[in-house]
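One structure is given below, encoded as structure tokens.
Along the sequence shown, the residues carry numbers beginning at 1. Only this structure's heavy atoms are used, side chains among them; waters, hydrogens and symmetry mates stay out. Atoms within each ligand, like the ligands themselves, are counted from 1 in listed order.
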Amino acid sequence: MDTEKHITPLTRGLTGRLRIPGDKSVSHRSVMFSALGRTPVRITNFLHAADCLSTVACMKALGAEVEMVSDTELVVTGHGLHGLQEPAGILDAGNSGTTLRLLMGLLAPQPFNAVFTGDASLSRRPMGRVIKPLSQMGAKIVGRKGNTLLPITVCDPEAKLHGMTYESPVASAQVKSAILLAGMFAGGPTTVVEPVTSRDHTEKMLAAFGVAVEKQGTAVTIHPVANDEYVAPTAIEVPGDISSAAYWLVLASLVPGSRLVLENVGTNETRTGILDVLEAMGADIQRENVRTSGGEEACDLVITAAKLHGTSFGKDMMPRLIDEVPAIAVAALFAEGDTVITGAGELRVKETDRLQAIADEWNKLAPGSVEAGEDSLVIHGGTPVQCAEVASYDDHRMAMSLACLGAIGKGVIIGRPDCVNISYPEFYQTLQSFR
Ligand code: S3P
């Protein structure tokens, strides 16, 4: 455990090729959905990081067989759609909102009880957004503070869920996915309508298991699934995570002399907002070897350093870059002119309050550079930067973004830096390889 990490400025451009670790969202789903099949599924390029390992541990506790062939390859075998078993202990989701929220949806209709816990960060995050709609479907779920916070118990083995149409107040793939998973076991069709479409990995991967999710505008509908309709594919190849690629996209765009190839990055269009925003800022990003892998589009991204200028984007763009706002805020600091980000209130309920954290930590490294509103950020590009001690808030994306800020600027000392293990354990090592 490091108590702090000192990042010094990069002195040359980023060049060569970099393989991006597997996508976190797709890795979680690959294990959960395979655990509902009856035949072995070989998962390759799995993200070997703390969040996805929380999902593996939970699915094992629910009776799935998981063979770790290597760090990034595993074989998951389930006992069928109705084959999950009552966990003997408490299910620990760790830091992972995806593990907790999707599993609440999956376990709400099962004929057994399940108790969830998580770390300090997850224990502060809002769970009513999932408990409320699942309860409307007939589930019995209780939690602290009026059924909104961990610890949470799914506690009616007799619950019979019915389908419904749910107008979600938030664009959230975790909420949507929890309801769709519960909907597979409900008595009739279930529809989720979102204010803006969120990432659609659940819909895409369920199709690979023979489950059709109908899409109409921002609405998705699932029908009850019979045991023999659910057929596991033999293999799932996880594409590289664009949320992890984000840091290298920003670094290579801003460090002069860079020309970097990021291999095998997932470019599902519900996730590529960062490419659109960086391009609008003047970034030079080319797509090569575009292909489809496991129903998801992937390609190599070639980034050449460019001069960036400020931009603005808002609510409609937010779901397509929700996890990349800290990285984009780094690019904005070194761009010419202001960047205005609106409709970003969801950032306040991520692993930490990222709107406040960005404002507080950026202002230590570049005094006067950021103003945070209730759901907005204004970043004054070109504000002079200095080296400073900053806090990660135990938030992996804050730590990695702050490391990038220091590497482009005048250096940084990051407190509690080890949280990168949540999604990108080799991040600091890879950054070091560019020296
Ligand atoms: C995720 C959805 C997003 C994202 C999270 C992963 C997923 O959360 O921020 O890192 O895998 O479904 P929300 O759906 O709550 O916005």
Side-chain angles (χ1 to χ4, degrees), residues 21-33 46-47 49-52 54-55 58 93-106 118 121-122 124-133 148 166 168-181 192 194-206 213 218 220 238-239 241-247 266 268 270-274 296 315-328 343-355 357 375 395-401 419-420 422-424:
D23 187 278
K24 184 154 76 72
S25 294
V26 176
S27 294
H28 282 299
R29 288 160 171 81
S30 68
V31 176
M32 286 182 198
F33 299 179
F46 178 76
L47 174 62
D51 259 16
C52 298
S54 292
T55 290
C58 288
N95 190 248
S96 174
T98 306
T99 307
L100 176 60
R101 294 197 177 112
L102 268 61
L103 282 186
M104 280 198 272
L106 185 56
S121 157
L122 196 60
R124 286 189 294 266
R125 296 179 65 188
M127 296 304 147
R129 55 178 57 196
V130 173
I131 295 176
K132 196 174 144 219
T148 61
Y166 185 66
S168 179
V170 283
S172 161
Q174 294 180 353
V175 172
K176 173 176 65 177
S177 301
I179 298 169
L180 290 177
L181 291 176
V192 184
E194 295 191 284
V196 182
T197 297
S198 63
R199 65 188 65 188
D200 64 358
H201 302 300
T202 294
E203 298 90 304
K204 286 211 155 79
M205 198 180 288
L206 282 178
V213 180
T218 64
V220 286
V238 179
D241 197 331
I242 193 166
S243 299
S244 298
Y247 309 104
N268 176 320
T270 61
R271 296 284 300 281
T272 48
I274 184 167
E296 293 279 353
K315 181 174 151 282
D316 288 350
M317 182 61 100
M318 212 44 68
R320 295 183 58 229
L321 47 67
I322 187 73
D323 293 337
E324 288 69 73
V325 172
I328 290 169
E346 275 293 295
L347 267 78
R348 291 204 181 271
V349 291
K350 291 298 175 185
E351 285 81 333
T352 191
D353 175 347
R354 287 184 180 155
L355 284 188
D375 69 348
D395 178 340
H396 54 133
R397 303 205 189 281
M398 285 302 299
M400 291 187 275
S401 300
C419 48
V420 301
I422 291 297
S423 67
Y424 203 158

**Asked** Going by distance only, is there an N or O of Ser172 that falls short of 3.5 Å from an N or O of ligand 1?
**Response** yes
**Asked** Can you tell me which residue and heavy atom of the protein come closest to atom 11 (O) of ligand 1, and the distance to 0.1 Å?
**Response** Ser25 OG, 2.7 Å
**Request:** Give a yes or no on whether a salt bridge exists between Asp23 and Arg271, defined as a side-chain N under 4.0 angstrom from a carboxylate O.
**Result:** yes
**Asked** Which of these, His28, Lys176, Arg29, has its nearest heavy atom closest to atom 12 (O) of ligand 1?
**Response** Arg29
**Distance, nearest 0.5 Å, that separates OG of Ser121 from NZ of Lys350** = 11.0 Å
**Request:** Ignoring hydrogens and angles, tell me if any N or O in the side chain of Thr352 forms a donor-acceptor pair with the backbone of Asp395 under 3.5 Å.
**Result:** no
**Fill in**
Closest heavy-atom approach to atom 16 (O) of ligand 1 among Lys350, Arg199, Glu346, Arg397 is made by Lys350
**Asked** Which atoms of ligand 1 are found less than 4.0 Å from any heavy atom of Asp323?
**Response** 4 (C), 5 (C), 9 (O), 10 (O)
**Request:** Verify the distance criterion only: is there a donor paired with an acceptor across the side chains of Ser198 and Lys176 at less than 3.5 Å?
**Result:** yes
**Salt bridge Arg129-Glu346, side-chain N to carboxylate O under 4.0 Å** = yes
**Item:** Pair Asp375 + Arg348: basic N to acidic O under 4.0 Å
**Value:** no
**Message:** Please list the nearest protein heavy atom to atom 1 (C) of ligand 1 with its residue and the distance rounded to 0.1 Å.
**Reply:** Gln174 NE2, 3.5 Å
**Complete:** ligand 1 atoms nearer than 4.0 angstrom to some heavy atom of Thr98 are 1 (C), 6 (C), 7 (C), 11 (O)
**Asked** If you count the non-hydrogen atoms of other residues, nucleotides and ligands that lie under 6.0 Å from NZ in Lys204, is the total more than 12?
**Response** yes
**Item:** atom 14 (O) of ligand 1: the protein heavy-atom neighbour that sits closest, reported with distance to 0.1 Å
**Value:** Ala173 N, 2.7 Å
**Message:** Taking distance alone, with N or O pairs closer than 3.5 Å, would you say Ile322 contacts ligand 1?
**Reply:** no
